[in-house]
Amino acid sequence: RSVNAKVVIVGCGISGISAAHRLVEAGFQHVRILEATERSGGRIKTGRLGDKIVEIGANWIHGPCEENPVFCLARQYGLLDPEALTPENQAMDIGGHPPWVPNFFSSSGRKLNAEDVYPAQQMFVELLNESSEYQGQKGEPWACMGDFIRSEVQQRAAEQWNDIDANSRSLRLCVISNMLKVECCVNGAHSMDEVSLGAFGLYKTLPGNDCTFPSGYEGLIKNLMSELPSGLVTYNRPVRCVHWNNTERRESPVMVECDDGERIVADHVICTVPLGYLKKHHSTLFSPPLPLHKLCSVQRLGFGTNNKIFVEFDAPWWDADCEVIYLVWEDEDAMLDEVPDVQRSWIKKLFGFTVLKPTERYGHVLCGWIAGHESEYMETLSEQEVTQAVTHLIRRFTGNPIVTPKRVVRSQWFHDPWTCGSYTHTGKGCSEQDLDNMMEPLPSKGSQSQPLQVLFAGEATHPCYFSTVHGALLTGRREADRLISHYSSIRPSELSKS
Ligand code: 6YU
């Protein structure tokens, strides 16, 4: 049946697009997406490095298996390599991917032996696995992941690493600092001191060996968009304020005010703006403002920065089978993941590079990863300054004084005014309740006003797949389904009124 209710979706990322899809399929006649920028996709953004395709935003399908709707759509649209489609690939339950083949370089220009590094890596991975045991525990001895890891490493190192010399022991602690920087990137956090220990286990992985889109993640967006009615999205139309609970207009109680002054009346608004944008603009984006419990959750959840720096070379300086390069600073045995002087030494926060594979497709391209305030500072520098810093770094760690990048491209997610960072993590003091609060529609339950005026989707509203594309997609469908079941539970005679 057809539904006449007017639905405005704010944001044309994967969550907004999937909400629109579902509503249109279910017969909603008046669905409109308002998007601030000139493009669809949001944090799914495929760019170029010369003639190569690079992902500025999302990279992998995390957990490509039958339960993952991104995998199912990508398969349906024919966007994946045959290897990703094999049952073996889908069945691998390894929490992401098998360990990558690493190369380790140190700040004194040495290539490190794997045996010198593995004990520290192993201990770190053990601790990450153990951290989920603290989930939901009140009064756990450590408030954050950083404290937990440092104190456990100290204790275990005293017990297990007492047969090695001081230098080897110090190097292992420097490796722990490097691993902490890796985790900052994985979590999209400035420091692991800002990530809750008690809520770390909330994030869930799906089975499947993580895979990429050989022709770019944006292929998914293009296919989905081609199935929506044309004209459904209005681009370059930032929303300034969502006025809800408008008691004078009982029939259509929401009014969306755009930056250009346009005012659009709606029955329901699905808000999909990133958590970073919400943190910065909540006080002007909603009138009346968000209820206190919702606002507290917006503030408690974390939204940090993770950026990529793509670097192309004429020839590789890493091993042929190498998949990841770790850069270990030999003066970092304090197990810290923050750089004391950001302006002078921001580059120390870059943990290393992943190698883009296969080489036949990409040539010799590395992707550097850098999180936190150091990454935000990097965004303010010119491409030339970034290239210079990366060149010095690589020359120092390889001991090769002439190695020179051919091309460099980096992302700038913190200064993107419609994102204000990269993705969500569970900040200190967070619990499951915060993610529940994020997805709760307005007005809150029990209110006498018309229900479901403002609904919330987007990666930050998924209880266990936050920070991912599949999480975001599922939240769009969830909010569409909320409206669909609302309208299927009311009498058809009432439908024609709106
Ligand atoms: C994934 C991956 N991946 C790397 C990097 C980034 C992200 N993610 P959108 O922002 O897309 O859309 C909102 C729209 O709203 C947007 O278009 C705005 O312009 C618009 N808007 C804003 N304000 C507006 C206004 N006022 N008016 C109108 N419009 C407005 N996910 O699955 N695989 O490899 C990565 C990665 C650098 C930045 C990622 C990855 C995250 C996804 O990109 C992201 O979740 C979704 O695209 C968001 O879609 P959306 O619709 O919600 O918002 C324990 C534990 C660990 C926890 N973490 C585990 C690690 C997993 C995360 N890994 C990520 C890794 C990478 C590399």
Side-chain angles (χ1 to χ4, degrees), residues 8-19 33-45 55-64 68 70 95-96 128 131-132 135 145 183 185-189 195-196 199-206 210-213 217 220-221 233-242 256 258-259 271-278 280-281 284-285 302-303 305-308 354 367 369-371 375 410-414 416-426 456-462 464-476:
V8 169
I9 299 169
V10 183
C12 195
I14 189 76
S15 59
I17 297 169
S18 38
I33 302 183
L34 302 176
E35 166 56 45
T37 69
E38 69 296 337
R39 55 178 285 278
S40 315
R43 281 170 276 171
I44 295 177
K45 186 176 185 183
E55 300 294 0
I56 304 298
N59 226 69
W60 294 281
I61 302 182
H62 288 305
N68 186 328
V70 174
L128 283 187
S131 64
S132 54
Q135 200 213 303
M145 285 295 288
E183 272 310 293
C185 291
V186 172
N187 287 271
V195 178
S196 146
F200 197 69
L202 287 177
Y203 179 78
K204 297 278 178 285
T205 55
L206 286 167
D210 291 357
C211 65
T212 56
F213 288 75
Y217 226 125
L220 175 70
I221 300 295
V233 187
T234 310
Y235 294 100
N236 299 309
R237 190 63 58 94
V239 166
R240 178 186 296 164
C241 183
V242 177
V256 179
C258 300
D259 258 6
C271 177
T272 78
V273 303
L275 175 62
Y277 184 90
L278 261 189
K280 202 166 167 185
H281 299 288
T284 47
L285 189 61
F303 194 83
T305 304
N306 179 23
N307 275 309
K308 305 178 187 182
T354 47
C367 174
W369 297 86
I370 179 164
S375 186
R410 45 77 197 262
S411 59
Q412 290 168 293
W413 287 105
F414 180 70
D416 178 321
W418 312 108
T419 314
C420 314
S422 298
Y423 40 85
T424 302
H425 62 266
T426 42
F456 292 84
E459 55 88 10
T461 73
H462 197 282
C464 59
Y465 302 142
F466 51 86
S467 77
T468 66
V469 173
H470 57 283
L473 187 151
L474 287 168
T475 64

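We count ligands from 1, going down the list as the structure has it; atoms in each ligand are counted the same way. For the single chain, residues carry numbers from 1 onward in sequence order. Because only heavy atoms are used, hydrogens play no part in the values below, and waters and symmetry mates are left out as well, while side chains stay in.
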Report task. For atom 16 (C) of ligand 1, find the nearest protein heavy atom and state the residue, atom name and distance (0.1 Å precision). Result -> E35 OE1, 3.6 Å
Query raised in the report: So H462 and Y465, would you call those rings parallel, tilted or perpendicular, with 30° and 60° as cut-offs?
Result: parallel
Query raised in the report: What residue and heavy atom of the protein are closest to atom 63 (N) of ligand 1, and at what distance?
Result: H62 NE2, 3.3 Å
Requested in this report: Looking only at protein heavy atoms, identify the closest one to atom 23 (N) of ligand 1 and say how far it is in Å.
Outcome: V273 CG1, 3.5 Å
Query raised in the report: What protein heavy atom is closest to atom 22 (C) of ligand 1, reported as residue, atom name and distance in Å?
Result: W418 O, 3.4 Å
Query raised in the report: Which word best sums up how the rings of W60 and W369 line up, parallel for under 30°, tilted for 30 to 60°, or perpendicular for over 60°?
Result: parallel
Query raised in the report: Below 4.0 Å from any atom of ligand 1, is there a heavy atom belonging to T419?
Result: no
Query raised in the report: Considering distance alone, does some N or O of V469 sit under 3.5 Å from an N or O of ligand 1?
Result: yes
Requested in this report: Pull out every atom of ligand 1 sitting under 4.0 Å from any heavy atom of N187, numbered as shown with elements.
Outcome: 55 (C), 56 (C), 57 (C)
Report summary line: If you scan protein heavy atoms around atom 33 (N) of ligand 1, the nearest is W60 O, 2.8 Å
Query raised in the report: When only distance counts, is Y277 in polar contact with ligand 1, meaning an N/O pair under 3.5 Å?
Result: yes
Query - Spacing of OG1 belonging to T468 relative to CG belonging to L206, to within rounding of 0.5 Å - result: 8.0 Å
Query raised in the report: Closest non-hydrogen protein atom to atom 28 (C) of ligand 1, residue and atom name please, with distance?
Result: A36 N, 3.4 Å
Query raised in the report: Going by heavy atoms, is G41 under 4.0 Å from ligand 1?
Result: yes
Report summary line: So the atoms of ligand 1 within less than 4.0 Å of a heavy atom of L34 turn out to be 28 (C), 29 (N)
Report task. Check whether any side-chain N or O of N306 sits under 3.5 Å from a backbone N or O of C185 as a donor-acceptor pair, and report yes or no. Result -> yes
Query raised in the report: When rounded to the nearest 0.5 angstrom, what distance separates CG in L275 from OG in S422?
Result: 12.0 Å
Report task. Identify, by atom number and element, the atoms of ligand 1 in contact range of G11, meaning under 4.0 Å from any of its heavy atoms. Result -> 14 (C), 15 (O), 20 (C), 29 (N)
Report summary line: Rounded to the nearest 0.5 Å, the CG atom of N236 sits from the CD atom of E35 at a distance of 8.5 Å
Requested in this report: For W413, take its heavy atoms, then give the atoms of ligand 1 lying under 4.0 Å from any of them.
Outcome: 37 (C), 38 (C)
Query raised in the report: How far does OG of S15 sit from CD1 of I9, to the nearest 0.5 angstrom?
Result: 9.0 Å
Query raised in the report: Just how far is it from atom CH2 of W418 to atom SG of C12, taken to the nearest 0.5 Å?
Result: 14.5 Å
Query raised in the report: Tell me, which protein residue and heavy-atom name are nearest atom 40 (C) of ligand 1, and how many Å apart are they?
Result: A58 CB, 3.5 Å
Query - For S15, atoms of ligand 1 separated by under 4.0 Å from a heavy atom - result: 50 (P), 51 (O), 52 (O)
Query raised in the report: Considering only protein heavy atoms, which is closest to atom 11 (O) of ligand 1, and at what distance to one decimal place?
Result: R43 N, 2.9 Å
Query - Closest to atom 8 (N) of ligand 1 (judged by heavy-atom distance), picking from G57, S422, S467 - result: S467
Query raised in the report: Any nitrogen or oxygen of G16, main chain or side chain, under 3.5 Å from a nitrogen or oxygen of ligand 1?
Result: no
Query raised in the report: What do the steps show when you test Y203 against S132 for side chain to side chain donor-acceptor pair (under 3.5 Å), and what is the final call?
Result: CA-CA 9 Å; Y203 179 78; S132 54; over 6 Å; no
Requested in this report: May I ask you to check whether N59 has an N/O atom sitting below 3.5 Å from an N/O atom of ligand 1?
Outcome: yes
Requested in this report: Would you tell me which option among F200, Y465, Y423, F414 has the nearest heavy-atom contact to atom 54 (C) of ligand 1?
Outcome: F200
Requested in this report: Could you see which bit of E459 sits under 4.0 Å from ligand 1, with heavy atoms only: side chain, backbone, both or neither?
Outcome: both
Requested in this report: Could you establish whether P238 and ligand 1 come within less than 4.0 Å of each other, counting only heavy atoms on the residue side?
Outcome: yes
Query raised in the report: When rounded to the nearest 0.5 angstrom, what distance separates CZ in F303 from CG in L278?
Result: 9.5 Å
Query raised in the report: Do ligand 1 and T468 have nitrogen or oxygen atoms that lie under 3.5 Å from each other?
Result: yes
Query - Check: T424/E459 side-chain N/O donor and acceptor closer than 3.5 Å - result: yes
Requested in this report: Indicate, as side chain, backbone, both or neither, the part of T475 found under 4.0 angstrom from ligand 1 when only non-hydrogen atoms are considered.
Outcome: neither
